[in-house]
There are 2 protein chains.
Amino acid sequence: MATRTAAALREEARAAYDAFVKECPTSQLLARISDKWVGLVLSALGEAEQGSMRYSELGRKIPGVSQKMLTQTLRSLERDGIVTRTVTATVPVRVDYRLTELGGSLGCLLSSVKQWAENHFDEVSAHRDAYDEAAATA
Amino acid sequence: MATRTAAALREEARAAYDAFVKECPTSQLLARISDKWVGLVLSALGEAEQGSMRYSELGRKIPGVSQKMLTQTLRSLERDGIVTRTVTATVPVRVDYRLTELGGSLGCLLSSVKQWAENHFDEVSAHRDAYDEAAATA
DNA sequence: CTGAATCCCACATGATACTG
DNA sequence: CAGTATCATGTGGGATTCAG
C-alpha cells in the first residue's frame with residue numbers, strides 16, 4: 001500500500017527521536033535533574049551536617065517519597081556520579097549517601113531553586129488566586 | 001465485607017494526598033518548577049534579546065516541545081505570575097511572552113541549572129559509562 | 001535496615017486534526 | 001499565527017511483598 005502503517009510510522013518516529021537524543025543529549029540530562037525527587041534529595045544531602053545521610057534518614061527527611069522512588073533516584077544519581085553510596089557491613093546494614101564534588105555543585109543550584117519555591121510561594125499563590133478569579137468573572 | 005474495596009482505598013489515598021498537599025504546598029510548587037519544559041521556557045525567555053518572545057519563536061527555540069506542552073506550560077506560568085502574555089490584535093494575531101520580575105529571579109536559577117547540565121554533561125556521561133561497565137563486569 | 005521485584009493504574013505527554 | 005480538542009500511549013510512581 002502507498003501509505004505506511006501506523007506501526008511503521010511509530011518506528012520512524014522512534015528512530016527520529018533516538019537520533020534527536022544523540023544530537024541533543026543534554027536535554028536528556030536536563031530532564032533527569034529537573035526532577036522533584038532529585039531536587040529534594042540533593043537539597044537534603046547538601047544540608048546534611050555530616051555531609052552524608054543514611055537511606056532511612058533521607059526517607060524521613062523527604063516528605064512523601066516512597067521507597068521505590070527514593071531508591072530509584074539514588075541509583076540514578078549514583079550512576080551519574082552525583083552521589084556516592086557507602087555500605088557498612090554491620091548488622092543491620094548501614095548505607096550512607098554523600099554528595100560528590102560534582103554533586104555538590106549541582107546541589108547548590110537545586111537548593112537555591114528549592115529556596116526560591118519556599119520564599120516565593122505566597123507571591124505565586126496570590127497570582128494564582130487573582131488569575132482564577134479573573135477567569136471566573138469573565 | 002470486612003475489607004474496603006479497591007475504589008474506597010483509592011479514595012482514601014487521594015484524601016490523604018490532598019491533606020498532605022495542604023500541609024506542604026511548597027512541595028507542589030517545587031514539582032511545578034522542576035519541570036523540563038519550564039526550565040527550557042524560562043531559559044529561552046531569559047536569554048531573549050528583547051526580553052520577550054512570540055509563541056512560535058519559543059516553539060522553534062525549544063527542541064522537541066509539542067504545541068500542547070508549550071501552551072500548557074505557558075498557561076501555567078502565566079497563572080503563577082511568572083510570565084505575562086500579551087496579545088496584539090493584528091492579522092495574523094501576535095502573542096508575546098515576557099518574564100515578570102518574579103519570573104526573572106526564577107529564570108536566573110533555572111538558566112544556571114541548564115548551564116550546569118551543558119557544562120557537566122561529559123563528566124556525567126563518563127561516570128555513567130564507568131558505572132555501567134562495572135555492572136557488566138560483575 | 002536497605003533494598004529488589006512485582007503488579008497496577010492514573011496521569012502526563014505526544015500525535016493529529018480542526019478553528020478563529 | 002496561535003492556539004483547542006480529541007485520542008492513544010508510555011510511564012511515573014504508589015502499594016505490596018519478599019530477601020539479604
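Within every chain, numbering begins at 1; the chains are lettered A, B, ... in the order of the sequence lines, protein sequences first and strands thereafter.
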Which residue, B:Leu58, B:Val87, B:Leu74, forms the side-chain contact (heavy atoms from CB on, under 4.5 Å) with B:Val95?
-> B:Val87
Check against side chain to side chain contact (heavy atoms under 4.5 Å, CB included), B:Ser34 and A:Lys114 | CA-CA 9 Å; B:Ser34 296; A:Lys114 178 162 167 270; over 6 Å; no
A:Leu102 side chain reached by B:Val124 side chain, heavy atoms, under 4.5 Å = yes
Just wondering, do A:Met69 and A:Leu40 contact through their side chains at under 4.5 Å, heavy atoms?
-> no
Candidates D:dG14, C:dA4, C:dA17 - which lies nearest the side chain of A:Ser66 = D:dG14
Side chain of B:Val95 only, please: which of C:dA4, D:dG13, D:dG3 is the nearest?
-> D:dG3
Could you tell me whether the side chain of A:Leu106 reaches within less than 4.5 Å of the side chain of B:His120, counting heavy atoms only?
-> no
Please list all pairs passing the side chain to side chain donor-acceptor pair (under 3.5 Å) test where one or both residues lie in residues 95-113 of chain A, with sequence neighbours left out.
-> A:Arg85-A:Tyr97, A:Arg94-A:Asp96, A:Ser105-B:Trp116
Length of the line joining B:Ile62:CD1 and C:dT13:C1', which is rounded to integer Å | 15 Å
Give one of base, sugar-phosphate or nothing for A:Gln72, where a contact means two heavy atoms less than 4.0 Å apart.
-> nothing
Main-chain N/O of B:Gln67 paired with B:Tyr55 side-chain donor or acceptor, under 3.5 Å | yes
A:Arg75 has its side chain closest, among C:dT13, C:dA4, D:dG14, to C:dA4
Atom-pair distance (CG on B:Leu70; C1' on C:dA15), nearest Å | 16 Å
Estimated bend of the helix from C:dC1-D:dG20 to C:dG20-D:dC1 (axis per five terminal pairs, rounded to 10 degrees) | 50°
Can you tell me the distance, in whole Å, between the CG atom of B:Asp96 and the P atom of D:dG3?
-> 10 Å
About how many Å separate CG of B:Leu77 and CZ of B:Arg75, when rounded to the nearest 0.5 Å?
-> 11.0 Å
If you pin B:Asp35 and A:Lys68 to their nearest nucleotides in DNA chain C, which one's is more 5'?
-> A:Lys68
Expressed in angstrom and rounded to an integer, what is the separation of A:Glu78 atom CD from C:dT2 atom P?
-> 15 Å
Which of residues 42-54 of chain B have a heavy atom under 4.0 Å from DNA chain D?
-> B:Arg54
Can you tell me if the side-chain N/O atoms of A:Arg85 get under 4.0 Å from OP1 or OP2 in C:dG3?
-> yes
May I have the distance from B:Leu58 (atom CG) to D:dC1 (atom P), rounded to whole angstrom?
-> 14 Å
Between the side chain of B:Asp80 and the main-chain N/O of B:Ile82, is any donor-acceptor distance below 3.5 Å?
-> no
What's the CD-C1' distance between A:Gln67 and D:dT16, to the nearest Å?
-> 10 Å
In whole angstrom, what separates A:Arg60's CZ from C:dT2's P?
-> 8 Å
Determine, using the 4.5 Å side-chain heavy-atom cutoff (strictly less than), whether A:Ile62 and A:Phe121 are members of one ILVMFWY cluster.
-> yes
Of the candidates C:dT2, C:dA17, C:dG20, the side chain of A:Ser56 sits closest to C:dT2
Nucleotide C:dG20, atom C1' - distance to CZ of B:Arg94 in whole Å | 19 Å
To the side chain of A:Tyr55, which of D:dT6, C:dT2, C:dA4 is closest?
-> C:dT2
